[in-house]
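Taking it in order: structure first as structure tokens, then the write-up.
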2 protein chains.
Amino acid sequence: MNGPATPPESLRARKKAHTRSTIQAEALRLFLSQGYETTTVEQIARAAGVSSMTFFRHFPTKESVVESDDYDPLIVRLIERRPPQEHPLTALHHALAEGLAAVYTTDREALLVRTRLILRTPALRARLRENQHATEQMLTAALAARSGGEPDLSLRVYASAALAALTTTLAVWVDGDGEGHLPALVDEAFLALCP
Amino acid sequence: MNGPATPPESLRARKKAHTRSTIQAEALRLFLSQGYETTTVEQIARAAGVSSMTFFRHFPTKESVVESDDYDPLIVRLIERRPPQEHPLTALHHALAEGLAAVYTTDREALLVRTRLILRTPALRARLRENQHATEQMLTAALAARSGGEPDLSLRVYASAALAALTTTLAVWVDGDGEGHLPALVDEAFLALCP
DNA sequence: CTAACTGTTGATAGCGACTAACACTTGGGG
DNA sequence: CCCCAAGTGTTAGTCGCTATCAACAGTTAG
């Protein structure tokens with residue numbers, strides 16, 4: 001049942017991956033050049049040389065085409081690596097800062113462009129918050145596992161507040177057109193939250 | 001331009017208000033009995049004895065029919081009443097707690113039912129988060145006005161973190177089917193955030 | 001090497017949220 | 001009493017998204 005009869009190197013898989021990335025690239029290009037709302041799925045599909053049907057076969061919704069890859073597992077691992085007696089907010093601070101720093105140093109420009117698009121498009125912003133809801137529960141679980149306690153109200157508050165602080169920091173960074181040093185802004189945000 | 005030629009007591013205005021509240025009531029009833037996604041605007045309109053067009057004349061979207069009335073002005077006023085030297089998070093804590101307590105004591109059951117519906121419906125949750133984005137900016141501005149400072153990163157972090165904590169508290173309250181004492185939960189949440 | 005199998009795609013049809021254009025009814029003011 | 005405008009219904013349309021069916025190409029078994 002689960003045995004992959006087609007190894008990931010097969011021609012079929014490569015073709016599929018190519019179609020997918022073409023759609024994603026064309027979508028981003030169109031969104032940035034003419035706006036998200038005014039771009040139709042039909043246009044994206046045409047630009048990628050496929051039919052609208054194929055678009056939805058690769059992406060469940062129009063919004064999902066611009067979603068970031070899942071950093072959740074990375075963050076969870078970073079949290080579990082923090083010392084157990086460390087305050088939850090401090091642990092979140094360091095784990096999130098570390099994870100973001102990795103993206104910042106390698107993909108700064110892409111991060112700026114995509115974050116700007118997301119934060120300035122209501123539909124994408126809503127989707128982002130929805131993803132954060134899932135991330136929040138992962139963070140809560142990771143915090144509970146680290147300290148050996150239960151995922152109670154305080155841990156959930158820490159997780160949601162930390163994500164809110166991170167998003168706000170990204171918003172400030174984008175508002176300043178990426179002028180400031182993002183890691184420093186993150187530190188400033190968490191410094192305010194847990195002095 | 002803005003002069004209300006028709007006083008709010010006119011028959012026309014009363015009819016309009018009546019239609020609006022009928023739509024809202026029927027929508028809520030249908031959402032609770034058969035779910036949000038599976039309820040169509042057409043059904044709501046029929047149940048309210050109007051056409052689908054009329055629905056959209058009163059509410060811009062299907063989601064907006066279940067939106068809470070705007071508590072933002074109330075909260076802003078409560079914030080401005082806090083002593084200027086008080087820590088921003090503490091000021092937000094008391095202002096939000098006070099505002100919520102008013103609703104809690106008078107409309108506890110309605111608050112529970114509506115919050116449950118919103119938090120368990122992805123589309124409504126997204127809309128809630130989108131509203132919070134606007135609320136966040138109002139809170140930031142109110143904090144800045146109170147302290148006479150600028151709406152900088154730290155104030156924005158406080159506002160977003162406080163709203164996240166409040167939402168998380170409501171989620172925990174709803175998960176426990178409204179068993180706990182909501183104001184106590186709010187205090188517990190903010191106690192964790194600013195000890 | 002061929003035949004059966006499986007995954008990717010396209011065309012068509014359709015639903016539901018939402019909008020625009022036009023005509024009709026009705027309450028309110030002169 | 002009559003004209004205006006607010007409120008509504010009808011119709012037709014766009015767009016996101018889904019379901020169904022058929023065609024075709026890559027993969028694998030015999």
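The figures that follow rest on heavy atoms only: side chains count, while hydrogens, waters and symmetry mates do not. Letters go in sequence order (proteins before strands), and every chain restarts at 1. Computed from a predicted structure; not experimentally measured.
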Between CZ of F55(A) and P of dT9(C) the distance, given in whole Å, is 13 Å
Separation of dG16(D) atom C1' from E63(B) atom CD, nearest Å, is 13 Å
Note: contacts of residues 28-45 of chain B with DNA chain D (heavy atom, under 4.0 Å) are none
Does a side-chain heavy-atom distance below 4.5 Å link E136(A) with T168(B)? yes
Go through the steps to decide whether E26(B) and R29(B) satisfy the test salt bridge (charged side-chain N to carboxylate O under 4.0 Å, His left out), and finish with yes or no. CA-CA 5 Å; E26(B) 291 299 318; R29(B) 190 180 58 77; 2.6 Å; yes
Here the distance between atom P of dG16(D) and atom CZ of F59(A), to the nearest Å, is 15 Å
### Query
Is there side-chain contact between E188(A) and V157(B), with heavy atoms separated by less than 4.5 Å?
no
From NZ of K16(A) across to P of dT27(D) the rounded distance in Å is 13 Å
Closest to the side chain of F56(B), out of dT9(C), dT10(D), dA17(C), is dA17(C)
Does the dT27(D) base have a donor-acceptor partner in the side chain of R12(A) within less than 3.5 Å? no
R14(B) atom CZ is separated from dG27(C) atom P, nearest whole Å, by 12 Å
Exercise. Kindly indicate whether the side chain of R57(A) and the base of dG7(C) share any N or O donor-acceptor pair separated by less than 3.5 Å?
Key: no
Exercise for the section: Just say parallel, tilted or perpendicular for the rings of H93(B) and F190(B), cut-offs at 30° and 60°. Expected result: parallel
Separation of dA17(C) atom C1' from I23(B) atom CD1, nearest Å, is 15 Å
**Message:** At 4.0 Å (heavy atoms only), tell me whether T61(B) reaches a base, stays on the sugar-phosphate, or touches nothing.
**Reply:** sugar-phosphate
Any non-hydrogen side-chain atom of L28(B) less than 4.5 Å from a side-chain atom of L117(B)? yes
Would you say H58(B) places a side-chain N or O within less than 4.0 Å of OP1 or OP2 belonging to dG7(D)? no
Rounded to whole Å, the NE2-P distance (H18(A) to dG26(D)) equals 15 Å
To the nearest angstrom, the CG-P distance between L124(B) and dA17(C) comes to 13 Å
>> If the cut-off is 4.0 Å, is K15(B) near the phosphate of dG27(C), judged by side-chain N/O to OP1 or OP2?
In response: yes
Exercise for the section: Look only at the side chain of T90(B) and the backbone of E86(B), and say whether a donor-acceptor pair between them is shorter than 3.5 Å. Expected result: no
- Task: Determine yes or no for a side-chain-to-main-chain donor-acceptor pair under 3.5 angstrom, with R146(B) supplying the side chain and E80(B) the backbone.
- Result: no
Answer with base, sugar-phosphate or nothing: what part of the nucleic acid does T19(A) contact at a heavy-atom distance below 4.0 Å? sugar-phosphate
Among the nucleotides dG10(C), dT10(D), dC17(D), whichever has the atom closest to the side chain of S51(A) is dG10(C)
The answer to which of G49(B) and M53(A) contacts DNA chain D further toward the 5' end, by nearest nucleotide, is G49(B)
